[in-house]
Asks: 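Below is one structure. I have some questions about it.
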Amino acid sequence: MEQGPGAATGGSFISLSENEQRCYSGLYTLCQADSSGKLASSKVGELFRASQLPAEILHQITEVCGAKRLGYFGTGQFYVALKLLAAAQSGLPVRLESITGDLPLPIFAGVKSEAEMRFPNHSSQASDGQTHPLSTNAGPVLRAGTMTATDRPAFRPPENSMEKQEPWSPPRSPCTSPPQSPSTYCRYGYSAQRNGTEPLVGYEGKYPARPAMLQENSSPSHYSHKPAPEQPAITRALSTERLTDGATDDYSDDPWRITEEQRDYYTNQFRTLQPDLGGLILGTVAKNFFTKSKLPIPELSHIWELSDADRDGALTFPEFCTAFHLIVARKNGYPLPEKLPPSLRPSLLACGEVTVDSPKIIQPLIVFEDSTPRAIQQEKGMVEIQQASPLPALTTSTPDVRDDARKSELSPKRAVVTVVTQEKPVQHILPVSAANLKPDPPNELDPNMKSRTRPRSYSSTSIDDAMKKVEEPPTPPPRPQKSHSRASSLDLNKLFQQGSQGVKSGWLPPPPALPPRPPATQIPHFLPAADKPSQKAVQQPNFADFSRFREEEEAGVHPASQSPLRRAAGPSTEDLGPPKPEPSVGIQGHAPQKPVRRKYRPDSQNLEATPPATAPYPPAPAATATVTVTTSKPAQRLAPKQKREIQMAIRKNKETNAVLTRLNSELQQQLKVVHQERVTLESQLELLRPLTST
Amino acid sequence: MAVCIAVIAKENYPLYIRSVPSQNELKFHYTVHTSLDVVEEKISAVGKAMADQRELYLGLLYPTEDYKVYGYVTNSKVKFVIVVDSSNTSLRDNEIRSMFRKLHNSFTDVMCNPFYNPGDPIQSKAFDGMVSGMMVQVS
């Protein structure tokens, strides 16, 4: 038995030392070799697992020793495998070359063997918290008692696929890992008996593996699309799962904790339903998805109740993970909890961050180029929500519309990030949220995240308009006197952009007709031009206060502000009538500063007369005189001409005032008339109402 | 603390009805059924133009010597009926309103569950728990 087994493996000779021979033969007998020299796969599996190597390594060992190829462990394969185990435990790579040298004996945890040399190993390992499958089959961990009985029905015998997995204990069969196997769901329906030999060796960390064990061979129903291509991924995932299982003891105690692979799996599943990890899965979509798990509807309903924490009828990514995890647990026989387990509750939010972090880290670079700034925003929003989480800003948020309190937090961000926020997710979120009648925001965390969408939805549309509206009314107070403040310049810029040279012509026709017209006709003019008055109002202040600030500007005109000045001067020059480059320039300097008087109607400007066409000046009404402004760049001389112009401007202002007053009175009269009509109509309505109601 | 709580669908069949078990449940079923007449009368009295302004809380529907019946209608014509013991005089109108509000919220949660088909009997545990909290505790 010494050299033979070595020779059996691909012809490579492996020399075994005396110790090794003794040890291996002991192990060999332990594994209950049958007559043909094949070893009981279950025992071998137990042994391998007892070596406490990660699953990946164990897979490799199986492959290298040839057992995978053969489909069973012969003596040769077994011995080579043992040596490989030793090599792996020594930190060497799993290669045939590494076992040619001298190696210590492989260490198995909890292996009962008569060999003395194992005792030291055993004792050292015995203290490990790891499972001791060989010693106590019933041991494995946690709810093993209930689990074993219930898990078995949940498994299916892995006959078909993966015979090569035979040497491995079924729980470890890398055929599918729960996180990755979409077909696990298909299998759920089949709950056939699985190899009972290896009940749940391992801790609940493995219980997700159990569904994984279900072979996807004959799964007709595609729970998710491609089972075949996922197999390699599944194998990989399973091995990583083994890794996790081996590595993490704390997970062993909590069946409700989501392992890494599970989270990855959930993430992938989430992506199939909703590509945006920060988005929502609608209720109907989720319903169809989870119905495939073949759980009874009341149970699914209960799972939904547990997982939809914000009760909005849609699942965010953490909620989806919770629901999925509960379904997996239920499939494995865990009774559904009445309340959400703590590990699934707030930690989910952290989970969501963790899992999403890495993909998001990559994405932000991409996101900017792509038209998905929403992810970034969501991440940023998530950051503020997850105050407790130390993770960086890259986390997805759950855009539910809930709290208004958070709107303000997000709106500056939104304004900063981008105007191009996702319209679609917002739009579909809005209908979802609109469907809810929740008056009270249930959770503190989720509502925060939800509130994010609200500012997003509101402000996503035309931030420019919002900016305009916002800026125009409030700007007056803060604006400084001296130079044009940003706000003022913005206004001017806007005004400038809005109109162009021809604007003036467009504006003119209505205005000139206004003064003589009766009030009634004027109203329709004003009402439709809702935004225009604002623009005009902006212009008007310039126009109106031009005279006042004239002196000021003479004092402090800056050449730098000429272009805005120019524009500002536009309306102001209107007052002057004769275009005056210098005064206009001066005026420009102050006109922008003069915030205020928006109330002036366009009429006033219209009344003003005609304007010389100031080409650059957009705001039409004002535009009149602005034409002259163009020429007026530099000249800032304060000549007596300016005084004259100022006086003319004053006169015109007074005329404008008079006209506006008249207009005002006319409008008041109209308002009274309308009021009376309304009263009569209401009285008629009341008279009629009793007749209809009875 | 209510003695009986019922949720009636728009078509006037019960979606959920639960009463204090020690007493004759049939009596409560009958009471709730008759209260539907009063509910219908109240909601029809508002008038065509006031549908959106109709108050959801209907108030005391009718008192009997043993108990009082309060009603509440949602905008989708789902009715909540609460029967309280007449001897329980400490219950104020505000408390009844808050009970209805909680009922409405829980009902909305049930509705949001995609696995719940409107018109099905309500089997939500959360809803049950909430209702239990509002019922008279029978030792």
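Naming: A, B, ... by sequence-line order, numbering from 1 per chain.
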Asks: Of all the heavy-atom pairs spanning Pro114(B) and Gly283(A), show the shortest one and how long it is.
Replies: CB-O, 3.1 Å

Asks: If you count heavy atoms of other groups shown closer than 6.0 angstrom to OH of Tyr30(B), is the number above 12?
Replies: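 Count not over threshold, so no.
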
Asks: When only pairs under 4.5 Å are counted, which of Val285(A), Leu300(A), Thr284(A), Ile297(A) shares the most heavy-atom pairs with chain B?
Replies: Leu300(A)

Asks: Please name the pair of heavy atoms, one in Asp312(A) and one in Cys112(B), separated by the smallest distance, quoted to 0.1 Å.
Replies: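 Heavy atoms of Asp312(A) and Cys112(B) come nearest at C-SG, 4.4 Å.
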
Asks: Above 12 or not: heavy atoms from other molecules or residues under 6.0 Å from NZ of Lys10(B)?
Replies: no

Asks: Test: ring pair (Phe, Tyr, Trp, His ring centres under 6.0 Å). Region: residues 106-135 of chain B. Which pairs qualify, not counting sequence neighbours?
Replies: Tyr16(B)-Phe127(B), Phe80(B)-Phe107(B)

Asks: Going by salt bridge (charged side-chain N to carboxylate O under 4.0 Å, His left out), name the pairs with one or both residues in residues 117-126 of chain B, residues two or more places apart or in two chains.
Replies: Glu338(A)-Lys125(B)

